[in-house]
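What follows is a set of notes on a single structure, which appears directly below.
Only this structure's heavy atoms are used, side chains among them; waters, hydrogens and symmetry mates stay out. First listed ligand is number 1; within each ligand, the first listed atom is number 1.
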Amino acid sequence: MSGVTVRVPAKVNLQLSVGSRRDDGYHDLVNVFQAVSIFDEVTARPAVGIGVSLLDGPDGVPTGEDNLALRAARLLAEEAGVKPCAELVINKAIPVAGGMAGGSADAAGALLACNELWDGGLQPDDLGRLAARLGSDVPFALLGGTAVGLGRGERLTPVLSQGRFHWVFALAQGGLSTPRVYGEYDRLRARRGKEPALLTVSDELIAALRNGDAHALGPALSNDLQPAALSLRASLRRTLAAGTEHGALGSIVCGSGPTCAFLARSGRHAIDLAVRLSGSGVCRSVARAYGPVPGARVMRP
Ligand code: C5P
């Protein structure tokens with residue numbers, strides 16, 4: 001076998017409600033994810049040892065032992081009882097440290113690709129369990145579609161979503177560290193001296209998804225990490241304002257940022273919005289995508 005390639009989507013958070021910091025350092029969440037059509041590809045090829053490399057080598061991705069895809073492959077080998085022998089090659093389209101779960105996507109891709117390459121025989125539930133050990137967003141990268149994540153985001157329930165939503169993403173120069181954004185969230189909350197509200201899934205959001213209603217979805221988008229991301233990267237205020245000015249139905253920081261997501265009225269409006277944002281000088285580059293899309297899938301020739 002010459003290799004197995006898996007395609008894995010990025011995510012946008014439609015609702016990210018953050019609760020208290022737990023004893024294990026994580027925060028309880030209500031996290032409504034949607035998988036969008038920006039994909040990384042992870043190829044696992046037979047090799048004597050194990051290693052990871054990146055096509056075109058974008059900055060900021062470790063290729064040593066702390067690479068999450070490599071850790072995923074090692075974990076899978078251990079569970080499947082096989083020798084971890086594979087060369088992983090990652091073709092990245094998802095922004096690095098951008099709040100779109102690119103590292104988690106690569107880990108999910110490595111799990112699926114290595115399970116196939118090594119004939120590991122692990123079932124989707126087993127892979128989901130391993131995914132949760134690797135990171136809070138990894139299980140969703142396997143599942144895709146639209147889903148609510150509880151716990152630290154790893155306990156998933158699919159959500160009914162009709163039709164296709166059109167998104168524009170404003171990519172920023174440089175990333176933001178997720179732990180740092182959560183840390184800033186804790187700091188801001190302590191300063192306000194307010195306990196987090198009870199975590200519940202937004203009824204408006206769920207209804208908008210069920211009805212495929214982008215006009216209702218826009219105002220229902222929310223992200224509790226947004227003030228923390230803005231506090232660390234004040235320039236994102238201008239980026240968000242530019243999207244709203246150009247008619248986005250919703251403008252929001254993606255997860256822990258710094259990517260900003262804009263919900264467009266239609267595919268046509270997304271093209272227009274992308275052109276305008278790109279010309280307004282408020283971001284490094286723009287990307288268009290639609291959602292929901294399926295999670296990690298093996299690409300058959
Ligand atoms: O799970 P993952 O390794 O992706 O999380 C990265 C970091 O983000 C954690 O170390 C933690 O600081 C923060 N985090 C959190 N609560 C969550 C998810 C992530 O505090 N539910």
Of the non-hydrogen atoms in Ala107 and Ala72, which two are nearest, and what is the gap between them?
-> O-CB, 3.5 Å
Going by atom types alone, do Gln15 and Ser17 pair a side-chain donor with an acceptor below 3.5 Å?
-> yes
Positive for side-chain contact (heavy atoms from CB on, under 4.5 Å) with Leu230, one of Leu188, Leu236, Leu225 = Leu236
Begin with the C-alpha distance, continue with both residues' side-chain angles, and end with the deciding distance and a verdict on salt bridge (charged side-chain N to carboxylate O under 4.0 Å, His left out) for Glu245 and Arg276.
-> CA-CA 10 Å; Glu245 190 185 314; Arg276 284 170 190 271; over 6 Å; no
Leu263 versus Val12: any side-chain heavy-atom pair under 4.5 Å?
-> no
Any side-chain donor near an acceptor of the partner, Glu154 and Ser136, under 3.5 Å | no
Under 3.5 Å: N or O atoms of ligand 1 paired with protein N or O:
unit_1: ligand 1; atom_1: 1 (O); unit_2: Ser136; atom_2: N; d: 2.8
unit_1: ligand 1; atom_1: 1 (O); unit_2: Ser136; atom_2: OG; d: 2.5
unit_1: ligand 1; atom_1: 16 (N); unit_2: His27; atom_2: N; d: 2.9
unit_1: ligand 1; atom_1: 20 (O); unit_2: His27; atom_2: ND1; d: 2.7
unit_1: ligand 1; atom_1: 21 (N); unit_2: His27; atom_2: O; d: 2.8
unit_1: ligand 1; atom_1: 21 (N); unit_2: Arg152; atom_2: O; d: 3.1

